[in-house]
Amino acid sequence: MAVLSIAGEAVAPAGLLGRPVYELRGVSKTFVRRNVQALDKVDLVLREGTFSSIIGPSGCGKSTLLKIMAGLQPPSSGSVVLEGKPVMGPRRDIGMMFQQATLFPWRTTIENIVLPIEIRDGKAAARAKHDQARQLLDLVGLKGFENVYPSELSGGMAQRAAICRMLITEPAVLLLDEPFSALDELSRDFMNMELQRICLERNATSFLVTHSIPEAVILSDVVYVMSPRPGRFVEAITVDLPRPRTLDMMSDPRFGTLVHRIRNHLDKGAFQ
Amino acid sequence: MAVLSIAGEAVAPAGLLGRPVYELRGVSKTFVRRNVQALDKVDLVLREGTFSSIIGPSGCGKSTLLKIMAGLQPPSSGSVVLEGKPVMGPRRDIGMMFQQATLFPWRTTIENIVLPIEIRDGKAAARAKHDQARQLLDLVGLKGFENVYPSELSGGMAQRAAICRMLITEPAVLLLDEPFSALDELSRDFMNMELQRICLERNATSFLVTHSIPEAVILSDVVYVMSPRPGRFVEAITVDLPRPRTLDMMSDPRFGTLVHRIRNHLDKGAFQ
Amino acid sequence: MTQAQVVASAIPEQTIWKEHVSWIDRVPRWVSMLALLIAFLIVWQIVYFVELVSPIILPSPLETIEDLFVVGKNLLTGDYMLAALWITTQEVALGFLIAVVLGFGLGVLVGETAFGERAVMPYLVAINTMPKVAFAPLFVSWLGFGIASKVALAAFIAFFPVIVGTAAGLHAADQNARMLFKTMGASRWQTLVQLKLPIGMPHFFSGLKNAAVLVVVGAVVGEFLGGGKGFGELIRVAAAQLNTPRVFSLIIYLSLLGLATFWIVAWAQRRFVFWHKESVTEETLAQ
Amino acid sequence: MTQAQVVASAIPEQTIWKEHVSWIDRVPRWVSMLALLIAFLIVWQIVYFVELVSPIILPSPLETIEDLFVVGKNLLTGDYMLAALWITTQEVALGFLIAVVLGFGLGVLVGETAFGERAVMPYLVAINTMPKVAFAPLFVSWLGFGIASKVALAAFIAFFPVIVGTAAGLHAADQNARMLFKTMGASRWQTLVQLKLPIGMPHFFSGLKNAAVLVVVGAVVGEFLGGGKGFGELIRVAAAQLNTPRVFSLIIYLSLLGLATFWIVAWAQRRFVFWHKESVTEETLAQ
Amino acid sequence: QNSSTKITVVLPNPSAVNNFPLYVALGEKMFEKEGLEVEVEAVDGSSQVLQAMSAGQAQIGQPGPAPVLAARARGVDVVFIYNHFAKSVFGIVVPEKSAIKSPSDLKGAVIGVGTADGAEVGFTRAILSDLNMQEGKDYTFLPVGDGGLAAAAFLRGDIKAYAAAVSDAAIMEARGIDLREITPEQYLSYFGNGYAAMKSFIDQNPETVEKFGRVLVQATEFGLKPENKEKVLQHTKAGNPQEGEDAKLSAALFEQVKDRITPFDQSKGWGYQPPEHWEQWHKSAVESGILKAPLSNPKAAYTNQFVDAWNEGSK
Ligand SMILES: Nc1ncnc2c1ncn2[C@@H]1O[C@H](COP(=O)(O)OP(=O)(O)OP(=O)(O)O)[C@@H](O)[C@H]1O
Ligand SMILES: Nc1ncnc2c1ncn2[C@@H]1O[C@H](COP(=O)(O)OP(=O)(O)OP(=O)(O)O)[C@@H](O)[C@H]1O
Ligand SMILES: [Mg+2]
Ligand SMILES: [Mg+2]
C-alpha cells in the first residue's frame, strides 16, 4: 500500500506499470457564464488495463473532468491525449456510462445496445452487430431479454444493458460516472463485481467516479481523492489488494485501513 | 451477539428489555386488484428506546409494512397496536420519513417544519411552535436557514429539515423508509450519525427500512432480515456494539462478521 | 402475564381496519354518464316547459331528439346531408394534415433553433391572438370557393397547438440522454430524429389533440363565412330558417365528428407512443 | 525517452480545443425580431406590388401602417375607438374572470372526483368540439345586447383549457407528497388546498395562458355576431365597407390586447408561482 | 308630457346609412318630442333580430319578410308593421364590362348569392323561372357570402353575376369594382327589411307603435329633402362613426338607400305593405322550402292598421 501526494505533477503512483493510455496535462475548467471554476490544473496518466477511481465531495468537478476526458466539453486550458491523439470531440474508442441507464423506451434492449453503431455506421452495420450484442447480453446475464422493451427491465438490468451499449464499440477506455449509484446497495455490490469481471476479461482501462469509499477501494488499483471546488487531486492511493477482488475482502483489515484513510481526507474537505 | 430465528412468533430478541411500544400480530397484506401478496403474517414487537432495522430485497414488502404500521394502509389481516391503542389511521404519535425529503417549495424551511402542526391544529398553533422548530433546526445544524426556500437547500439539508418536520409533533415512534438513500454516501454516513444522536437524545423508538447492510448494522439494536415477496422475517440479528456508535466501528471485526452474516442471508434470497 | 401478552391477545375485533370503497366509485361509468345525460335533458325540458326561452332560440329536447333521428336517417340513406358531412370530413382531414405538417415544421424551427425560439415564436404567439376568421377573404381570393379555402382556414386555426407541442417535445429530452448521444458522436440531425423527436412524441400528440378539436371548429367557421357545401352551411341555413331543432342536432353530429377526430389521434398515440403512460386526465380525454 | 514523455510534451497547439458560439446565437433578440419583421413587410409589399391579390382583399403594408397611425391617433385622442377598445377590454377582463372561476370549479370537480373525471369530463370534451359561435343567439336572448352576452360567449370559448389545466394540476402531486399529507392526518380539503392546488399551479397557469388568448377571440366573435359596440363591431363595419387597411390595423391592435392579457397571466405566474422554473419554450411565450 | 317610454330597436346590420330615418330621428330628437326613448342595437342578420325580439330583448326589430314568415311557422307571433325598404333590397348585378345585359343573358352563368337559401336566392329564382330558366340546368348558384368574399368571387371570375344587397353593390363600386344592375323593374316588389314587433306588444302598446311610425315618417321626409343631405350624413356618422369617416362611400350609399325606401306608389303613404307583395313573398317562401307548408293565415304576418295615423301629420 503506497500513498503519494501529487500536486500539479503527472506522476503515476509507483508500482503501476503499463503503456500510458490517457494523459491529461494541466487541465482546468472555468464556466465563464456563471463564473465558476470547476477544475484547477489536473494532471493524470491512466495506464493500460488499470482501474482508477476518483472520489470527492459533491460539486468538486468530477463529472466535469470526465466530460472533458470524453471530449464532451473543451477544457479552458490544458490538453487531453488518448492513445497518442488529442481528444477534440467524442471518439469511438471511449466508452462512457452515467448514473442513469438512459435506455430509450421505443427500442428493444438489443436495439438500444447497437444504437452507438447505428449512429456512427448506419442501420446495416448495427444489424451486423446483433450477434455480438447477444454475446454481450450473455456476458452481463441478460440472456433472453434481447427483444423486450426497457420498461420491463429493473434498474439493475437496465444498467447491465447500458454496460453492453458501452462495450459494443469495443472502446479502449471506460469512463464511468457513478454508474450504479441509483441502484440499491445490494444490487450495487453485485453489479460492481460484474464490472470487475468484465474489465478483467477485456483488459479494459477504466476510470470511475464514485461517492462510495468502499466501492472505490474494492474496485480500484488507484483511488484519487479530489478537493472541493475548484477540483484538484489531493492524494492518490494505491490499493494493493489481490485481484480478483471479492465482497468478503471488505472485512479485510487492510481494506478497513484504506477506507479509514480516505474518509479522513474527505472529512477534512467535505464537512469542515 | 445473539441470533434468533423467529418464524411466526412475536418474540423480541433476547437481551432487549423495555416497555413494548409497537405490537404487530399476524399482519399480512394482499393487493387484491393486482393479486399480489406483499406481506405474509408478520409479528413484531418494538420496545421503547430501541432502534430496529429491516433489510430485504427490493419489492419484498418493506414499505408496505411501514405503511401499515403508520396507519396509511389497512392490513388484509392481523392487528397493529401502538401504545395500547390499535392503529386505525394516521396518528400524531407516529413520525414518518421517506426517501424524498418532499419539502414544499412555496413554504420556507420553518413553514415546512411546522406544517404537521398547521394541518392538525391550525395556523395559530403552528406559529406558536416556531420557537421549537428553530431549536430543532439548531439540533440538525440548520441554524440560519429558517427563512430560505427549499430550492436553496442541498439534498442533505433538505433531509435534515424533513427530520425536523418529523420531530415537531414529538412522536413516540419514528418510522423511516430509506430516509437517506438518495444522498451520496459521504453525506449519508454523516446523516446517519446525526440520526443516532437525535434518537439517543430523545430516547425515540425507531424503525428503519434500508438496503444498506452497513447502515443497518451501525444504527440498530436489532436487524430484521426479510424474505422476498411475500415478505416474512427470516432472521432477527441483535447488534451488541456499544452506543454511541461511530463510523470507525465499521473497521471493527465484529462489525465485519455481522455484515457478512446478513449478506449471506440476503444473497440466498435476492440473487438465487 | 406480561404487558406484551395482554395486549397481544386482547384485541380481537375493533382493531380490524378495512378499506371501504365509496359507492359512487363503484357505479359503472356508463350508468353515471347516462344519469348525467338524463338529468341534463330533464332540466332542459323544464326550461322549455316553463317557457324561459322562445322555441326559435332553444328547441325542446324532444324536438331535438326527433330531429337527431331525421338527420341520422338522412345520413344513413346517403342523402344530401351525407354529401355535406363528407365534404366537411374532407375539409377536416386535409386541414388537420396541413396543420400537422405546418405546425410540425414551425415547431422544429422554434424548438431547435435559437432564432426560431427567440425571434419567430413571439410573432407566432401574436398571430395566434388574432381573430383568424377575419382572414377568410384572403384564403377565398387565393384558393377560391372550393374546399381549399376552408381547409386553409381550418389549418390556420388549428396549427398553433401543434407548434407548441412540437417545440415543447423537442425540449423534453433530458441532459443525460443528450449527453449520451453526444458521446456517440451523433450529428444534430441524428439527435433530432433518433432522440428528440421520439422523446417529444407525448407532447407532440397533446398538441395534435388540441388541433383535432380546433380543426373541426375551423372547417365549420370557414363554411359559415365562405359559402361551402358542408355541414357548416347546413347549420347556417337552418339557423337562417329559425329551424333550431335542426341547428342543435347538426351541432351534435358535428361534435361527434370532433370526438372522432380526437379519438383517432388518441388511438394513434396509444399505438405509436406505446411506451408512454398518460396521466389519468388525459386518459379520460382519450376514452 | 518513453512514449508517455513524447506525447506529453509534443502537443502544444492543435490540442487546444475551444468552444465556439455561432454568430446567429449572438445576435441580440431585438435585431433578429426586427429583421424578421422587415423581411415580412418586404414580401408583403412585393405581393402587393405584383398584384397577386386585389387591394380590397389585401392592403399594402404602407397603407396598413398609415392606418395604424390613424387608429392610434383616434385611440390617443380618446375618440370613439378608445370607447370601443374600453368595451372590448371590459368584455375580455370579465370573460376571463368567469372562465377562470367556472373552469377552476369544473376542473376541481373533474380532477378531484371519480364522478367528475369519468362522467362529466367526456361531456365537457364533447361540448368543446362544438362550434360555440352557434350559441351566440342564446346568450344574446338571455343576457341582452350589453356586454353581458359577449362576456358569456368569451367565457364559454375560453373555459375549457382552464378545466384541463386545473384537473392536470390536481394530478401533479406525487405519491410521496400525498403520503406525507396522509401521515399528517390531513383532511381531503386540506390536501386539496395545501398540497394539490399549490403543486398544480404551473399546470393551472398554462391553462390560463391558453384561456387568455381564447377569451379575446371570443369577445370579438361575440361582437361580430351579437351587436355590441366594441372592437369586433369596428372590424365588422370596416370589413363590410371593404376597408381592408382598417381591418388589418384593427386586428393588429386586437392582437396587442391578446398579448397584453397573455403577459399579465405570465407575469402573475412568475409572481405567484415563484418556485417553478418554466421550460425554455414557455419562457419565450411569456416574454 | 311626463315619463318617456323606453324601447329597444334591433337592426340586422350595423350600417347607419341603411337606416337613416332612424338615425335622423335620433339626431333631430324627434323621438324625444314624442316621449320615446329609443335604444338601437345591431345583430347579425334577420334570424337573430327575430330571436332577440322573441326573447323580449327588443320591442321592435327590422327583419326581412321571409324570416318573419319562417318565425310565424314556428309559432312566433311576430307582425310586420312598417315597410322600410319598400323596393327590393336585392338586385342582380354584373360587372360593367360584362356582355350580360338582362336576366335572359344569364343562361349558363354561375350566379353568386350570399347564402344557399337567403332571400336573394328566392328573388333571383323567381326572376329566372319567369324566363323559363331552371336552376341546375340553365344556371347555378354559388354561395359566396358577402363583403370581401363576394368581391373576391368577382375578381377571381368565379361568378358572372351576383344577387346582392344594394348596399353591398354600392360598396364594391366605391372600391373600384364597376357594376351594372340588370334587375327588371317589376321584381322590385320583393320588398326588403322593415319594422316588426310581437303581436302582444302591438296589442298592448298601440300608441307606442303609432308614435314610433309617425317619427319614422317624419324623419324619412326630412331626410329626403335635398337641402338636409348634410345633416342626414352628420346624424348617420354620429350613429356609426367609422362608416361616416368615408364620406364618399356614405354619400353613394345614401343615394341607393333613398331610392330603395321610396315605394313606386306613394299614394298609400310611408310604411304601407301591398298585400299582393306579401303574397309573392309567401309563394316564394313555400317554393324555396323556407316554409314547409303554406301558412294557414299569411295575412296575419303584417298589418297596415297604423299607416294612416303615421302619415296623417305629414299629409
Ligand atoms: N455547464 C455548466 N455551467 C456552469 N457551471 C457548471 C456547469 N456544469 C457544472 N457546473 C458547475 O461546476 C461544478 C462542478 O460540477 P460537477 O458536475 O463536475 O461536480 P461533481 O463533482 O460531478 O458533483 P457530483 O458529485 O454532485 O456529481 C459545480 O459547481 C457545478 O455547478
Ligand atoms: N398499491 C399497491 N397496489 C398493488 N401492488 C402494490 C401496491 N403497493 C405495493 N405493491 C406491490 O407490493 C410489493 C411490495 O411493495 P413494497 O413497496 O412494499 O416493496 P419494498 O420492499 O418497499 O421495495 P423497495 O425496496 O423497492 O422499496 C411489490 O411487488 C409492489 O409492486
Ligand atoms: Mg457528477
Ligand atoms: Mg420501499
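Computed from heavy atoms alone, side chains included, the values below leave out hydrogens, waters and symmetry copies. Every value quoted in this text rests on a predicted model; they were computed, and no experiment measured them. Chain letters run A, B, ... following the sequence lines, proteins first, then strands; residues in each count from 1.
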Output yes when a side-chain donor or acceptor of B:Lys143 lies under 3.5 Å from a complementary backbone atom of B:Arg134, and no otherwise.
->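 Checking the backbone N and O of B:Arg134 against the side chain of B:Lys143, no donor-acceptor pair under 3.5 Å is found.
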Compute the ring centroids of D:Phe231 and D:Tyr253, then answer whether they are less than 6.0 Å apart.
->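 That pair fails the under 6.0 Å test.
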Who wins among B:Thr102, B:Ile94, B:Ile119 for the most heavy-atom pairs under 4.5 Å with chain D?
->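 When all of B:Thr102, B:Ile94, B:Ile119 are compared, B:Ile119 has the most.
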Under a 4.5 Å heavy-atom cut-off, does chain D meet the side chain of B:Glu118, its backbone, both or neither?
->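 For B:Glu118, heavy atoms of backbone and side chain both lie under 4.5 Å from chain D.
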Measuring heavy-atom distances to chain D, does B:Leu115 have an atom under 4.5 Å in its side chain, in its backbone, in both, or in neither?
->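 Both parts, heavy atoms under 4.5 Å.
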Salt bridge or not between [X] and [Y]? Use side-chain N to carboxylate O under 4.0 Å.
{"X": "B:Arg92", "Y": "B:Asp121", "answer": "yes"}
{"X": "B:Arg91", "Y": "B:Glu83", "answer": "no"}
{"X": "B:Lys62", "Y": "B:Glu178", "answer": "no"}

Any donor-acceptor N or O pair under 3.5 Å, side chains B:Gln159, B:Glu194 |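 There is no such pair between these side chains.
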Contact class of D:Met201 relative to chain B, heavy atoms under 4.5 angstrom =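 Answer is neither: D:Met201 stays 4.5 Å or more from chain B.
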Under a 4.5 Å heavy-atom cut-off, does chain B meet the side chain of D:Phe181, its backbone, both or neither?
->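 The side chain, not the backbone.
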To the nearest 0.5 Å, how far apart are CG in D:Leu153 and CZ in D:Phe135?
->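 Reported value, rounded in 0.5 Å steps: 10.5 Å.
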Within 45° of the ring axis of D:Phe205 and under 6.0 Å from its six-membered ring centre, is that where the NZ or CZ of D:Lys209 lies?
->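 Output no; distance or angle outside limits.
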Contact listing (chain B partner; residues 189-196 of chain D; heavy atom under 4.5 Å) =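 Within residues 189-196 of chain D, near chain B: D:Gln190, D:Gln194, D:Leu195.
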